[in-house]
Amino acid sequence: MSRGSAMSRLNPSEIEPKWQAAWDEAGCFAAVRDPAKPKYYVLEMFPYPSGRIHIGHVRNYTMGDVIARYKSSCGFSVLHPMGWDAFGMPAENAAMASGGHPKDWTYSNIADMRDQMKPLGLSIDWSREFATCDPEYYAQQQRMFIDMLDAGLIYRKAAVVNWDPVDMTVLANEQVEQGRGWRSGALVERRELTQWFFRISDFAEELLEALDGLENWPEKVRLMQANWIGKSRGLQFAFSLIDGPASHDRVEVYTTRPDTLMGASFVGISPDHPLAKALEKDNPEIAAFCAECRRMGTSEEELEKAEKKGFDTGLRVRHPFDTAWELPVYIANFILLDYGTGAIFGCPAHDARDLEFARKYDLPVTSTYAPADPAAEFVAPEAGGEAYVPLKSEKVRYVKGFAGDELQTGEQGIDTAIAACEEAGVGRGVTKFRLRDWGLSRQRYWGCPIPVVHCSACGVVPEKRENLPVRLPDDVSFDLPGNPLDRHPTWRDVPCPSCGAPAKRETDTMDTFVDSSWYFARFTAPHADTPTIAEEADYWMNVDQYIGGIEHAILHLLYSRFFARAMHLTGHLPEKSKEPFEALFTQGMVTHEIYLTRDENGRPVYHLPEEVERTEAGVVVKATGEAVEVVPSAKMSKSKKNVVDPVEIVASYGADTARWFVMSDSPPERDVEWTAAGAEAAFKHLGRVYRIAFELKEAGAPEGGAEDTALERATHRAIADVTEGIEGFAFNTSIAKLYGFTNTIAKYKASAGARAQAMRVMAQLMSPMTPHLAEEVWSMLGGEGLVARAPWPKADPAMLVEDTVTLPIQINGKRRGEIEVAKDADKATVEALVLAHDAVVKALDGGQPKKLIVVPGRIVNVVA
RNA sequence: GCCCGAGUGGCGGAAUGGUAGACGCAGCGGAUUCAAAAUCCGCCGGUAGCAAUAUCGUGCGAGUUCGAGUCUCGCCUCGGGCACCA
């Protein structure tokens, strides 16, 4: 192949490093605080350093990069940083599984991932990079912990954890498999430990109300958060206990359905309720039942899915409205101590779970209301039907109501019931939240140490600020069960910061959600020796566009919203940053087919995409010819071997192809299926664009300029459409328009000058997605400077207006023809043309239309 | 179990309540070539028909509307979250 023809083909391995070096040299991506310019802060959720980047990361960061490069072209001073969510369990697991130190494992993974990310050509300001496990970072986190402790935002209380009695360690929910520890296989116990908590529930009302102001967040995320916070209005009251144990003469309950009070059938209490604890002391059967309940994991999912079980304590309570009416008290495994009062009354007629429970233990079922329409088809729960649970907004007929009208909605029933109970002195209306305080203690090594000291004389004492950071000791091992900090020979023993007497350090570290709850603020002053710097935070905050996975819709985002408020209260963020994320975009996953065969026992054996091939007979294993089962579109996972390695894609096709493909096929909020054919197609298209530019540069245009104006119009149309796509996070439609624009340029008979102009605009429009190719085309066709520095093109509205428009004609809603009319034709003109149309004349058969609907510029509908 | 989404040709998907299937992939036909690769051009939802055209068609079933992929209600399937995975 001659040198000339080699250059006529796109060669990513040559141009990509070249332009990356040019951007670096020009300092294109350094975020500069320039008060003369508007700023734009775009942030993708930072990754956990697993060691390999994943095609999902490529998609996530490319989206952010498209926004960053676009906003930069629009004249904004852009902040687009990257860092590492570097504390957490996998590093410790790796140390336990294969030796080594979590620190070495983590930093080596970070170096590997950075090396894999750099070739993607992302417009990241790498000078701001940090990892949350850097002592410089967690020192500031410890400083804020002490500030928040002083401000009363943090406290200690007992809470239950999953305890593995063999490994002597606390397990995460995901480490509990069918009630057993994943490593030891031991039956997991629930154990109470004294732990640290953030008072996030004090902010429940505020966090809920402020959701309304988050206009550029997806509605579904706001809904999920609102449901999670779970504001409810209900009745709190007490059943008086008959012959209860000492100091227990009542059971306080909370209900959101006080209108069902006359349908009460039993009282249920949590196995962790003080009354249950008092009873189990001298009743071995109750103790055994509570112990069984405590063998369940701590997750709400597990509690809800478990078979509902109860234990009749033998105790009875009196109904508040009828002292002769006695109800049994059960300890029930599905009642959470943390929610409400840890005790409920069960109304089986109107709650599926209570009904299951009542039928199991042969408890009475009494309806308090029935459908408003007596004729409605309905099997009452007492007659074997399902629990009757209509919407609260629906009108029902109260058959055992005690307040309000017989016919009223559930909402009205609840309101009148609360009022009646308050009137009768039975209870009071209260507002409660489902949101619980945020437990931040973790009994693990690889996390930010909680900077407090336990002194026998002074109690819990914060470390002195000048002694921060409390560094993690490096000399630890993971060959023994339990937390290495607990058994460290010297690290634990320190003098009390208050009295100087020998004392012990706190050995709990912080939940990694704390690390990720303020990293976005730290990026504004990543190397400061305070958590933030006021001028920097004032300028750069808030995050204008945050991008990440929908899996973070609740916890990470809610914790961050709380933490920003806590940082404001402790003077680390301005008032405006109480809601730190102006706009949120949640992207879908990248999926891939799974290829599997079966071994002799029928168990699946997975195969890598490169190990299989498509033949006429179907998909087979290349080496053996064995037929392969194909599972479509599954979340990528290492164990299923359906992971696509972006490093290989970049090596064979270049970064631009990888970026173009992940942005092209699916709408960004949806999952995208990676296919080899799709990547190939992306590469071909980029090659085509390059070739058009190359031929234009070498030979000019083949023939005259008859369609120069048409091409100019198409260029403005492309600018408008592509810009709209980027602004609206519809990158796939922007790319579809760019395909169309390429076809147009190839087809139109335009002069060399007009084509070059169109191609320069093409380069600009492509530059957010395929920045290297864009620079190459730009420089080939005489663009000035770097396309990365060129201002975004503007569409001229005058060039977008069409003269005529085709109106489809519908007859009774079905398309039967079309007419061509002037863009601004008035209704009368259109109506006349429509009535004269053959199909319409035929359909009307001489009669008059019943109705004639003209939607200007869109459609005409004749109702015959 | 509870909360939140998604479902459109062979495939990925497009469509302010207004022509369903833009754009891409795959497939089919053609040009170029000694041949191939690469490239270029055309066709491409189902059914009936030579065709014009008719008819069905956006997971399923109802409803609102002149008009529904889009709005409402009830289902089905798949995905995310459920507080110690990140």
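Residue numbers begin at 1 in each chain, while the letters A, B, ... track the order of the sequences. Values below: every heavy atom of this structure, side chains too, minus hydrogens, waters and symmetry copies.
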Handout entry: Rounded C1' spacing from B/G45 to B/A22 in Å
Key = 15 Å
Fill in the blank from the handout: RNA chain B nearest-nucleotide lookup for A/M89 and A/K308: closer to the 5′ end is A/K308
Practice task
Check whether more than 12 heavy atoms from other residues, nucleotides or ligands sit under 6.0 Å from atom CD of A/E192, and answer yes or no.
Solution key: yes
Exercise for the section: Using a 90° cut-off around 0 for syn, call B/G9 syn or anti. Expected result: syn
Practice task
Please measure how far the C1' atom in B/C71 lies from the corresponding atom in B/A48, and state the result in whole Å.
Solution key: 35 Å
Problem - C1'-based separation of B/A83 from B/A20 [nearest Å] - result: 44 Å
Problem - Where protein sits on nucleotides 19-29 of chain B, one letter per nucleotide: B base, S sugar-phosphate only, - none, heavy atoms under 4.0 Å - result: B--BSSS----
Practice task
Please measure how far the P atom in B/C2 lies from the corresponding atom in B/A54, and state the result in whole Å.
Solution key: 49 Å
Problem - Watson-Crick or G-U wobble mate for B/A26, both contacts under 3.5 Å - result: none
Exercise for the section: Between A/A86 and A/N861, just flag the one whose closest nucleotide in RNA chain B comes earlier from the 5' side. Expected result: A/N861
Exercise for the section: Walk me through it: do A/Y546 and A/M45 pass the test side chain to side chain contact (heavy atoms under 4.5 Å, CB included)? Expected result: CA-CA 7 Å; A/Y546 197 30; A/M45 290 180 186; 3.4 Å; yes
Fill in the blank from the handout: Scanning all shown strands, the Watson-Crick or wobble mate of B/U47 with both distances under 3.5 Å is B/A54
Handout entry: B/G7 versus B/G12 - spacing of their P atoms, nearest Å
Key = 12 Å
Practice task
Give the nucleotide from the list B/C85, B/C40, B/A83 with an atom nearest to the side chain of A/Y559.
Solution key: B/A83
